[in-house]
Amino acid sequence: MAIAYWTFVGITFALVLQAFLNDLAANKLDTEAWLFISIASLLWPITLPFVIRSKFRNMEKSRRLSRVRLSTLDSGSMTGDF
């Protein structure tokens, strides 16, 4: 049971850390930010479902945007406009 808990702590930590490091506006030396990442990781039963849902939502938005761009390109090529 403890191994599973710490495994999910590690997964959550990696996901939250990745988002934190990708945020250009975040101060990487801020102790409050690192404390938040640590607490969010320890509370993974609450945090992880929200992180996963957010990632899926962003994936779906990207997919929809790609479809719109493709359909725009296809309709433009049919009319001969570039």
Side-chain angles (χ1 to χ4, degrees):
M1 181 87 167
I3 293 173
Y5 176 83
W6 288 107
T7 301
F8 283 107
V9 166
I11 292 169
T12 305
F13 181 79
L15 291 171
V16 174
L17 181 64
Q18 178 187 17
F20 177 65
L21 293 176
N22 287 336
D23 185 0
L24 299 176
N27 181 2
K28 308 306 188 253
L29 301 175
D30 185 15
T31 55
E32 289 180 5
W34 288 102
L35 181 64
F36 174 80
I37 291 171
S38 301
I39 292 172
S41 298
L42 291 172
L43 297 175
W44 69 264
I46 299 167
T47 308
L48 189 57
F50 287 103
V51 170
I52 292 171
R53 187 176 70 198
S54 175
K55 287 214 173 271
F56 278 123
R57 189 179 310 128
N58 289 341
M59 233 175 22
E60 185 59 33
K61 284 181 185 177
S62 296
R63 191 174 294 149
R64 270 190 257 131
L65 186 59
S66 298
R67 285 187 210 143
V68 168
R69 287 181 181 160
L70 283 175
S71 67
T72 303
L73 289 174
D74 287 343
S75 65
S77 64
M78 295 172 90
T79 60
D81 297 333
F82 292 98

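Predicted, not measured: the structure shown is a model, and the values here were computed from it.
Leu43 and Val9 fall into different hydrophobic clusters, where Ile, Leu, Val, Met, Phe, Trp and Tyr are joined by side-chain heavy atoms under 4.5 Å apart, directly or via other members. There is no path of hydrophobic side-chain contacts, each under 4.5 Å, that joins Phe50 to Leu42. Under the 4.5 Å side-chain heavy-atom criterion for Ile, Leu, Val, Met, Phe, Trp and Tyr, Ile39 and Phe13 are members of distinct hydrophobic clusters. Under a hydrophobic clustering in which Ile, Leu, Val, Met, Phe, Trp and Tyr are joined whenever their side-chain heavy atoms come within less than 4.5 Å, directly or via other members, Leu48 and Ile3 fall into different clusters. When the side chains of ILVMFWY residues are joined at heavy-atom separations under 4.5 Å, either directly or via intervening members, Phe8 and Phe36 end up in two distinct hydrophobic clusters.
Annotation: side chain to side chain contact (heavy atoms under 4.5 Å, CB included) contacts of Ala19 (sequence neighbours excluded): none. Applying the side chain to side chain contact (heavy atoms under 4.5 Å, CB included) test to Ala26 and every residue at least two apart in sequence or in another chain returns Phe20, Asp23, Lys28.
By the neighbour-count criterion of 12 heavy atoms within 6.0 Å, atom CG of Leu35 is densely surrounded, having more than that number from other residues, nucleotides or ligands. In the displayed structure, Tyr5 atom OH is contacted under 6.0 Å by more than 12 heavy atoms of other residues, nucleotides or ligands.
Note that CG of Leu17 and OG1 of Thr12 are 12.0 Å apart. Values are rounded to the nearest 0.5 Å. In this structure, the separation between CG on Asn27 and CH2 on Trp34 is 10.5 Å, given to the nearest 0.5 Å.
Under the side-chain contact (heavy atoms from CB on, under 4.5 Å) rule, Leu65 has a single partner from Arg69, Lys61, Arg67, which is Arg69.
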>> Go through it in stages, so that I can follow the logic: the residues are Lys55 and Ile52, the test is side-chain contact (heavy atoms from CB on, under 4.5 Å), and I'd like the CA-CA distance, side-chain angles, deciding distance and then a yes or no.
In response: CA-CA 5 Å; Lys55 287 214 173 271; Ile52 292 171; 5.7 Å; no
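Between Val16 and Thr47, the shortest heavy-atom contact is CG2-CG2, 4.5 Å.
Salt bridge absent: Arg57 and Glu60 never bring a charged side-chain N and a carboxylate O closer than 4.0 Å.
Between the side chain of Ser66 and the main chain of Ser62, a donor-acceptor pair closer than 3.5 Å is present.
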